[in-house]
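Here is the structure we will look at, set down as structure tokens.
Both counts, for ligands and for their atoms, begin at 1 and track the order of listing. Please read these numbers as outputs of a predicted model, since none were measured by experiment.
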Amino acid sequence: MSLSNPADTAPDYIRNLPRYVPGKPASEVKREQAKPVRLHRMASNENPLGVSAKALAAMQAVMADAANYPDPSGHQLKARLSAQLRVEAQQLVLGNGSSELLDLAARCFLRTGDEAVYSQYAFQAYPVAIHAVGATPVCVPARDYGHDLDAMRAAITERTRLVFIANPNNPTGTLLDAAALQRFVTSVPRHVLVVLDEAYGEFLPDVDALHSCDWIAEHPHLLVLRTFSKAYGLAGVRVGYGVAHPAVADLLNRLRLTFNTSAMAQAAAEAAFDDADFLQRSRSNNAQGMVQLEQGLESLGLPFIRSHANFIAIDVSSTGRSGAEVAQQLLAAGVIIRPLGANQLPQHIRVTVGQPDDNEAFLGALKQVLS
Ligand SMILES: *Cc1c(COP(=O)(O)O)cnc(C)c1O
């Protein structure tokens, strides 16, 4: 056998990894447009209010120090998180976005032959993280577009080492009942890590209803992941955190790259975490925008999946076109959204809640598609 380059020698489970299909960059859309129209970025669940002024100032304040390595332990940010979340600093791990942490969990706890359970229509990064270490993904059919906890529990075997749950889920926006989720975590054997991904938790009407960090004391097999990318408006800066039993956090901290969060990311996250006013405005813009989108969709007669996050998945099959075709048509009107074909939902599109004028533009363009 003659191998032409090292790519041919990588394990099959690496060579078969799917490529991530990003939402179209606004710059590219602009370039392709015959006559320029205003762009509405509603494809990537980014914060439509932009970045908090306090986070921006905090980043500017540390930029002059860019020649120096950041604090590898993220001491100050961890102290702030630990006080607020009522957990020990040793229970925390910082990540280059929380997506780094879910990959780290897979690298830490899975080996070839192990199984990891996740749900159909859950976040696409889960099967990638599982495949990347040569473990076996076990995808459990969804119920009403959300996690079927009973079926997921039944899918756990003696080979299972990890379970991924997104709550609220991306891309469907479904939310699990807190009591049912806690029962599920209790029912999972203690040697199986449950990764509870709460990237959209801050958008829930009652944020304090998220008690998952409190469960860790009794459930040492729980890893809660949160991010600054969504409600805190820092997707471009790359910072998230995990909360776990100190022994689990210790392993993750040893495996992660020493300087995985930059000085700017740490400073921005700390300032954003303290900017209660920005968070409140993000939450209320989202709540109002969600009502605006739901009412608009109802009057257009398009079914959607009730969402608890900052986006909504819409069934466009009544248009007689696929999600990809509808996305293409919306693009011509300057509205960038995401078709969900890659998530096995070819008849759905996902749109991020924008500011009122973005939502208006989206609904207007969608009406054009229907006519
Ligand atoms: C956006 C998102 C994340 C985290 O994104 P980062 O930018 O890496 O923090 C994690 N899980 C889900 C389900 C998401 O949608």
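- Remark: E360 engages Q292 in a side chain to side chain contact (heavy atoms under 4.5 Å, CB included) (not counting sequence neighbours).
- Linking Ile, Leu, Val, Met, Phe, Trp and Tyr whenever their side-chain heavy atoms come within less than 4.5 Å puts L56 and Y232 in one cluster.
- Annotation: side-chain hydrogen bond (donor to acceptor under 3.5 Å, both in side chains) contacts of Q60 (sequence neighbours excluded): none.
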Donor-acceptor pairs under 3.5 angstrom involving side-chain atoms of residues 88-95: please list them, not counting sequence neighbours.
unit_1: Q91; atom_1: OE1; unit_2: E88; atom_2: N; d: 3.0
unit_1: Q91; atom_1: NE2; unit_2: A244; atom_2: O; d: 3.0

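- With rounding to the nearest 0.5 Å, the separation of NE2 in H348 from CG in N343 is 11.0 Å.
- Near ligand 1, residues G97, S98, S99, F123, N170, D197, A199, Y200, T227, S229, K230, R238 come within 4.0 angstrom through at least one heavy atom.
- Because its NZ or CZ atom is both nearer than 6.0 Å to the ring centre of F311 and within 45° of the ring axis, R350 counts as a cation-pi partner of that residue.
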